[in-house]
Amino acid sequence: MADYYQILGVSRFAAEIEIKKAFRQRARQCHPDVNNSLNAKREFQLINEAYQTLRDANRRRIYDSMLINGFPAQTIYYRPSGKVKYRAKGDKYAHYNTKHDAEEQFKVFEKYFDVFLFGFMILLGVFGIFYGIYRLWINPQEHIRPYPGILFGFIITVSIALFWANKKKFFKE
């Protein structure tokens, strides 16, 4: 993890004015229009990233905690529904009591989404079978061969149905 304080050349206890001054000085030196080195663009992006993190008090607090502990002090899980511990006005992140509380709401969504995908894939396979049969018997054309469509629909339908029936072998629930 990059040390943003070292990149800007300020101490860990620097005030916002010092950080802004150091950013402007480093940005003038490393801007790609001024500096002709090959990695000037990447260096300038890193300086900008450091400044954007250190100038915001909340992001700086989280970054300092990550720098010291290796992980942020407060874990934030984004889940739009569920029992929320608190949500600040205009904040899109919901803060939950525990990670388990956040994951419980997401498991319900995953279950319905899996059923939807299963149904959609089955319908796709059945459509392939019926369209192939339609092209074979009802509306045959010389340059269109319906057998690959029938075979593809059959394979998709059977494989999805078999996978769904044996999904507990693939995933531990």
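This structure is a prediction, so every number in the text was calculated from the model and none was measured. Hydrogens, waters and symmetry mates are skipped; everything else that's a heavy atom, side chains included, is used.
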May I have the list of side-chain donor-acceptor pairs in residues 16-23 shorter than 3.5 Å, sequence neighbours left out?
none

Could you list the donor-acceptor pairs under 3.5 angstrom formed by side chains in residues 119-128, with sequence neighbours left out?
none

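Separation of atoms SG (Cys30) and CG (Asn39) is listed at 9.0 Å; rounding is to 0.5 Å. Separation of atoms CG (Leu54) and CG (Leu8) is listed at 6.0 Å; rounding is to 0.5 Å. The CZ atom of Arg28 sits 12.0 Å away from atom CD1 of Ile47, with the distance rounded to the nearest 0.5 Å.
Both Tyr131 and Ile138 are part of a single hydrophobic cluster, where members link through side-chain heavy atoms under 4.5 Å apart. Residues Ile160 and Ile129 are members of separate hydrophobic clusters, defined by side-chain heavy-atom contacts under 4.5 angstrom among Ile, Leu, Val, Met, Phe, Trp and Tyr. Taking hydrophobic clusters as Ile, Leu, Val, Met, Phe, Trp and Tyr residues chained together by side-chain heavy-atom distances below 4.5 Å, Phe118 does not share a cluster with Ile155.
In the displayed structure, Phe154 atom CZ is contacted under 6.0 Å by at most 12 heavy atoms of other residues, nucleotides or ligands.
Between the side chains of Asp56 and Tyr63, no donor-acceptor pair is found at a separation under 3.5 Å.
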Ile7 vs Tyr51, side chain to side chain contact (heavy atoms under 4.5 Å, CB included): CA-CA, chis, key distance, verdict:
CA-CA 9 Å; Ile7 291 169; Tyr51 175 68; over 6 Å; no

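Counting only heavy atoms from C-beta outward, the side chains of Tyr5 and Asp64 approach each other to under 4.5 Å.
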